[in-house]
Amino acid sequence: MLHCDDLIFHYDRFEPGETPDFCFRFDLAPGECLALEGPSGAGKSTLLNLLAGFLEPAGGSLRWGERELLRLPPWERGITTVFQEHNLFDHLPVWANIGLGLAPSLKLDAAQRRRIRDGLAEVGLAGLEARLPGELSGGQRQRVALTRALLRQAPLLLLDEPFTGLDHANRQGLWALVKRQQQAGVAVLLVSHDREDIEALAQRRLALVEGRLTPL
Ligand SMILES: Nc1ncnc2c1ncn2[C@@H]1O[C@H](COP(=O)(O)OP(=O)(O)OP(=O)(O)O)[C@@H](O)[C@H]1O
């Protein structure tokens, strides 16, 4: 279970009152998908960056079971994030983009190479290992990004508008991948403006208003 308790954050700002002081509190259970909604600028990406360890809070705690995640660097938190775009390194082929999630040195053993091949086949991208991201469609790129996230098998998956701009068939395919992760016990926090994405995946919804989370 993820417990986020009064995670406090504010940006250094030029004018007082430009952005709210954030105080985030919520729980997220293994296998659950929680949707995070709020208008542009509400602070959704800020929360994801705090959870992932890319921003440092001024106070509060973030526990996964008994582990205090705030003390850990991003790569030790057991959290993986998929953004709306720019998830992939453009100069690396598909296999290497996915392989980075398994072995940052890219020294992959035979079993890891097989997992990448199988993972790509499962998302309908068999045989595209050698392509560069620029040689894929937007939907295919997102499938590669999700494959990398899923093969990492982190217990917490953060999704920041990952389906935006994709057609219905592509989105349905990606929903199925996320649902399979949930069934395997992965906890998912989904930032989305899209009613269909939320209805397809989320069991609970939270709104972010004036720096605070409230149930919907
Ligand atoms: N580096 C920064 N320095 C100062 N203020 C920032 C910084 N990054 C974001 N902000 C401000 O913090 C607030 C929250 O931004 P954030 O990107 O978290 O919103 P969001 O809900 O993800 O928005 P969107 O839906 O448009 O992506 C906004 O008012 C934004 O202008």
Side-chain angles (χ1 to χ4, degrees), residues 2-28 32-64 69-70 72-75 77-88 90 133 138-139 141-146 148-149 154 156-168 170-171 174-175 178 186-216:
L2 181 76
H3 298 283
C4 175
D5 271 329
D6 291 345
L7 214 54
I8 291 167
F9 183 78
H10 65 87
Y11 288 106
D12 293 331
R13 51 207 163 188
F14 302 107
E15 298 290 334
E18 264 181 11
T19 58
D21 291 326
F22 297 105
C23 182
F24 298 112
R25 171 189 280 260
F26 71 97
D27 290 336
L28 178 57
E32 184 181 25
C33 176
L34 178 60
L36 176 61
E37 303 177 43
S40 178
K44 304 178 296 296
S45 301
T46 302
L47 172 56
L48 297 194
N49 285 327
L50 284 165
L51 301 178
F54 304 137
L55 287 175
E56 201 178 325
S61 79
L62 180 67
R63 283 177 297 113
W64 179 265
L69 301 186
L70 293 182
L72 302 175
W75 56 93
R77 290 191 180 196
I79 295 176
T80 187
T81 310
V82 178
F83 300 97
Q84 183 176 338
E85 50 189 13
H86 307 307
N87 291 294
L88 305 179
D90 290 335
R141 278 197 293 274
Q142 285 308 69
R143 276 187 268 167
V144 172
L146 262 177
R148 178 174 62 200
L156 183 58
L157 178 60
L158 307 180
L159 299 176
D160 195 354
E161 304 263 11
F163 316 117
T164 303
L166 303 181
D167 65 27
H168 192 72
N170 261 313
R171 280 165 52 211
L174 293 173
W175 293 341
V178 174
V186 172
V188 181
L189 185 60
L190 169 69
V191 170
S192 178
H193 290 107
D194 188 280
R195 190 69 29 224
E196 273 193 351
D197 291 341
I198 292 170
E199 277 170 12
L201 291 174
Q203 286 79 55
R204 262 191 315 138
R205 296 160 59 209
L206 292 179
L208 176 46
V209 181
E210 294 180 355
R212 303 289 187 277
L213 294 167
T214 52
L216 282 169

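Keep in mind it's a predicted model, so treat the numbers as computed, not measured. Whatever order the structure lists ligands and atoms in, that order sets their numbers, starting from 1. Computation of the quantities below employed the complete heavy-atom set of this structure, encompassing side-chain atoms and omitting hydrogens, waters and symmetry-equivalent molecules.
At least one N or O atom of A42, backbone or side chain, sits closer than 3.5 Å to an N or O atom of ligand 1. Ligand 1 has an N or O atom lying under 3.5 Å from an N or O atom of S45, backbone or side chain.
Residue-ligand proximity: G43 is placed with a non-hydrogen atom under 4.0 Å from ligand 1.
The existence of a salt bridge linking R205 and E199 is excluded, since no basic side-chain nitrogen approaches an acidic carboxylate oxygen closer than 4.0 Å.
Listed by number with element, the atoms of ligand 1 under 4.0 angstrom from any heavy atom of T46 are 14 (C), 15 (O), 16 (P), 18 (O). Close approach of ligand 1 to K44 (heavy-atom distance below 4.0 Å) involves ligand atoms 18 (O), 19 (O), 20 (P), 21 (O), 22 (O), 23 (O), 24 (P), 25 (O). Of all the atoms in ligand 1, the ones that sit under 4.0 Å from a non-hydrogen atom of P39 are 21 (O).
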Let me check something: any side-chain donor-acceptor pairs from residues 51-62 under 3.5 Å, sequence neighbours excluded? List them with distances.
none

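Between F24 and F22, the ring center distance clears the sub-6.0 Å criterion.
Checking side-chain atoms of R204 against main-chain N and O of P215 turns up no donor-acceptor pair under 3.5 Å.
A search for side chain to side chain contact (heavy atoms under 4.5 Å, CB included) contacts involving Q84 returns E161, T164, not counting sequence neighbours.
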